[in-house]
There are 2 protein chains.
Amino acid sequence: MLDDRQTRTEKLAGEIADAILEGTLEPGSRLDEHMLAGRYGTSRTPVREALRQLATTGLIELRPRRGAIVAKVTSEQLEMLFIAMGELEATCARLSAMSMTPIERRRLGAHYDQMGEMVAQDDVPAYTAANTALHAMFYAGAHNPVLSEMTAGLRRRLAPFRRAQFRAPGRLARSHAEHGAVVRAVLAGDAASAHAAMLHHVSLVEDAFEQLAGAPAGTAPEAARMKAG
Amino acid sequence: MLDDRQTRTEKLAGEIADAILEGTLEPGSRLDEHMLAGRYGTSRTPVREALRQLATTGLIELRPRRGAIVAKVTSEQLEMLFIAMGELEATCARLSAMSMTPIERRRLGAHYDQMGEMVAQDDVPAYTAANTALHAMFYAGAHNPVLSEMTAGLRRRLAPFRRAQFRAPGRLARSHAEHGAVVRAVLAGDAASAHAAMLHHVSLVEDAFEQLAGAPAGTAPEAARMKAG
DNA sequence: TTTTGAAAAATTGCATGCAGAATTTACCTC
DNA sequence: GAGGTAAATTCTGCATGCAATTTTTCAAAA
């Protein structure tokens, strides 16, 4: 009845995705259509359409005639996702070095400098937000929507596993230093260096995340959830 | 009533995707739910679910309350897709250079040599199939399912625009020479060279396509023409 | 000829119901 | 108690119908 501009299916897809990404719906749990329909106050039809949509993003697993479950991410798959994201981010950095406009370069430099102040003040929340914005700048700077959407999608998907990344002591300053290498290379138009520096940065992020996890990659999916917390 | 193991929705998604990729359904044409349901002998429900699934792959565009249309690929978007695919292929080649097993390397070398014979005999059909297999080897050699699925997906999506690629005179031999550079770098474990060589190769493929772009199946005709001119 | 407006037709979004498959439960045998 | 089977239940896959929105049609006005 609401004159809502987006359809129930779309809203549902968003809400279910959020519930999964923020952990309300745990990996492996069954996504019963009746239950979801009841919880969100609709019939099963839009639920089914939303599930179909989420399945193609890899967030849930759709087993024919056996219902949907929240995709379980093993630590091995998680590693693959991190590596893939790293490669894509590095590619975006490379392309940014080659094709950012002067205006984009100026904004990138300014944003980087602002982040320096956040580090000095040890403002973790501000830095976290600025970090997302910085990476978004590289996605946009690549001037390739196909690539930047893929990369941003992976980043969103991995967000739950990166929550704690700046909690490790000294991580803020180190992150900023790594960013510095990437930013300088991009501003200098040095594609190869930008690629290498970003690759280095994201692999260190992954390391930081593994340290927090306590357990090295290679065990149960429970490890993944520990990493998130 | 067929006891088919896959659901109607899945089969529909596949058939509609095929119809789009081989040009039966032209870009921009409306995908009327009744019409599709009639054509494939089902009700609208599975059609709607299939459309939702295809929409997330970018093959069709779903406009709320206004129906679905086959995604129009402008020449600019096409260029972005080619660039993104090139970057991903290059990344796969880079990772292959770093992490292919000895067995994979041996098979790669052998396959490459076989392709040389096809060039000598000017066997275009065989070479085309072998070319797909060669690229698949790089996807697999990256040892990262996330990345290889993304790359393979892009390649499938661009397939209609590459049909004519080996028709240009001399293209077969040139392609083989370019492959040679990539294969040698990968076998030598030279990641940077593998990346560069693959990037070079795919950009040349794009050029070849641009020269030929008369009217490949599935093209938005105006896009192809603009590219040609 | 083009523009405008309202009625008619077509089309999407979604609820509901039912058949069949999958899962659970109950019961029996060993 | 373990294991196996049949009945009962639950759940998915899909068809159908209706309300709301969008598109089309068509006639009158500019």
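Heavy-atom basis, side chains included; hydrogens, waters and symmetry copies ignored.
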* Asked: Roughly how many Å is it from CD in B:Glu49 to P in D:dG13, rounded to a whole number?
  -> 8 Å
* Residues in side-chain hydrogen bond (donor to acceptor under 3.5 Å, both in side chains) contact with B:Thr45, at least two apart in sequence or another chain -> none
* Side chain of B:Arg44, base of C:dG13: donor and acceptor closer than 3.5 Å? -> yes
* To do: Could you state the atom-to-atom distance from CD of A:Glu33 to C1' of D:dT10 in whole Å?
  => 12 Å
* **Atom-to-atom span, CZ of B:Arg30 to P of C:dA10 - whole angstrom** => 13 Å
* Aromatic ring proximity, centroids under 6.0 angstrom, A:His111 and A:His179 -> no
* **Residues A:Arg155, A:Glu89: salt bridge by 4.0 Å N-O rule** => yes
* Give a yes or no on whether a donor-acceptor pair under 3.5 Å exists between the nucleobase atoms of D:dT16, that is its base, and the side chain of B:Thr45. => yes
* Asked: Between D:dC14 and B:Thr9, is there an OP1 or OP2 to side-chain N/O distance shorter than 4.0 Å?
  -> yes
* To do: Grab the CE-P distance between A:Met35 and C:dT23 for me, whole Å please.
  => 17 Å
* Asked: Does B:Arg65 make a side-chain N or O approach to OP1 or OP2 of D:dT21 shorter than 4.0 Å?
  -> no
* **Distance-only side-chain donor-acceptor flag, A:Ser96 / A:Tyr139, under 3.5 Å** => no
